[in-house]
Amino acid sequence: MTNFVDERVLQARRKIGSEMMMLMYYFIVISFLVKVMGFGMGLEDCITEFIIMIGAPIYQNIRARQMKVILGDFRKKSKASTISAIFAAVVVMLISMWRLEGSIDKAEALSSIVSFAVTFALARYGFAHIEKKRARKLEAEYEED
């Protein structure tokens, strides 16, 4: 006898799993921030969280490419979301630098913040541009079929 699963049940399972993955990811990010900013731990003390924070999005993008799907709608990315993400990261960096007080030079801190903001914006817009091109290519491929 064959085991058939109702499509709605399968879709609900996938949605619950996806939501759980996002909750766990946010928990790991919060854990990393608390350890670094609250307890003053270094990267070597939080390496597991760091690897998961970097590895999960990379894995997700690799699998999306393998399965030939676009996970995000990069056509609607707003400048406000980029600016708010940079602002949040800069605030976190300022708080962590404030905790280190005398050990970081102000010029070094400013150059770190500016270089992060520029690199983040370029990476985000570059990735969005690449994904837009890939989405157009996949749409054309699916239209041919």
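Formation of a donor-acceptor pair under 3.5 Å by the Tyr25 side chain with backbone atoms of Ala56 is not found in this model. Judged purely by atom type and a 3.5 angstrom limit, Ser18 has no side-chain atom pairing as donor or acceptor with the backbone of Arg14. Between the side chain of Asn61 and the main chain of Pro57, a donor-acceptor pair closer than 3.5 Å is present. With hydrogens and angles ignored, the 3.5 Å screen pairs a side-chain donor or acceptor of Thr119 with a backbone N or O of Ser115.
Two residues are said to be in side-chain contact when any heavy atoms from C-beta on lie closer than 4.5 Å; Ile28 and Met53 meet this criterion. Looking at heavy atoms from C-beta onward, Lys15 lies out of side-chain contact with Gln11 at the 4.5 angstrom threshold. No side-chain heavy atom of Phe32 sits less than 4.5 Å from a side-chain heavy atom of Ile52. Residues Ile130 and Lys133 are not in side-chain contact: their nearest non-hydrogen atoms beyond the backbone lie 4.5 Å or more apart.
Taking CZ from Phe127 and NZ from Lys132, the interatomic distance works out to 12.5 Å, rounded to the nearest 0.5 Å. Taking CE from Met20 and CZ from Phe27, the interatomic distance works out to 10.0 Å, rounded to the nearest 0.5 Å. With rounding to the nearest 0.5 angstrom, the CE atom of Met41 is 9.0 Å from the CD atom of Glu49. Note that the CE atom of Met21 and the OH atom of Tyr26 stand 9.5 Å from one another [nearest 0.5 Å].
Here the closest non-hydrogen pair linking Arg65 and Arg134 is NH1-CD, 2.8 Å.
By the rule that hydrophobic residues join a cluster once side-chain heavy atoms approach within less than 4.5 Å of another member, Ile58 and Val29 end up as members of one cluster. Under a hydrophobic clustering in which Ile, Leu, Val, Met, Phe, Trp and Tyr are joined whenever their side-chain heavy atoms come within less than 4.5 Å, directly or via other members, Val34 and Met24 fall into different clusters. Cluster annotation: Phe39 is not connected to Leu33 through the hydrophobic network of ILVMFWY side chains, with a link wherever side-chain heavy atoms come within less than 4.5 Å. At a threshold of 4.5 Å between side-chain heavy atoms, the hydrophobic network of Ile, Leu, Val, Met, Phe, Trp and Tyr places Val36 and Ile54 in one connected group.
Residues Arg63 and Gln66 have side chains that bring a donor and an acceptor to within less than 3.5 angstrom of each other.
Salt-bridge formation is not detected for the pair Arg136/Glu139: no Lys NZ or Arg NE/NH1/NH2 atom is positioned less than 4.0 Å from an Asp or Glu carboxylate oxygen.
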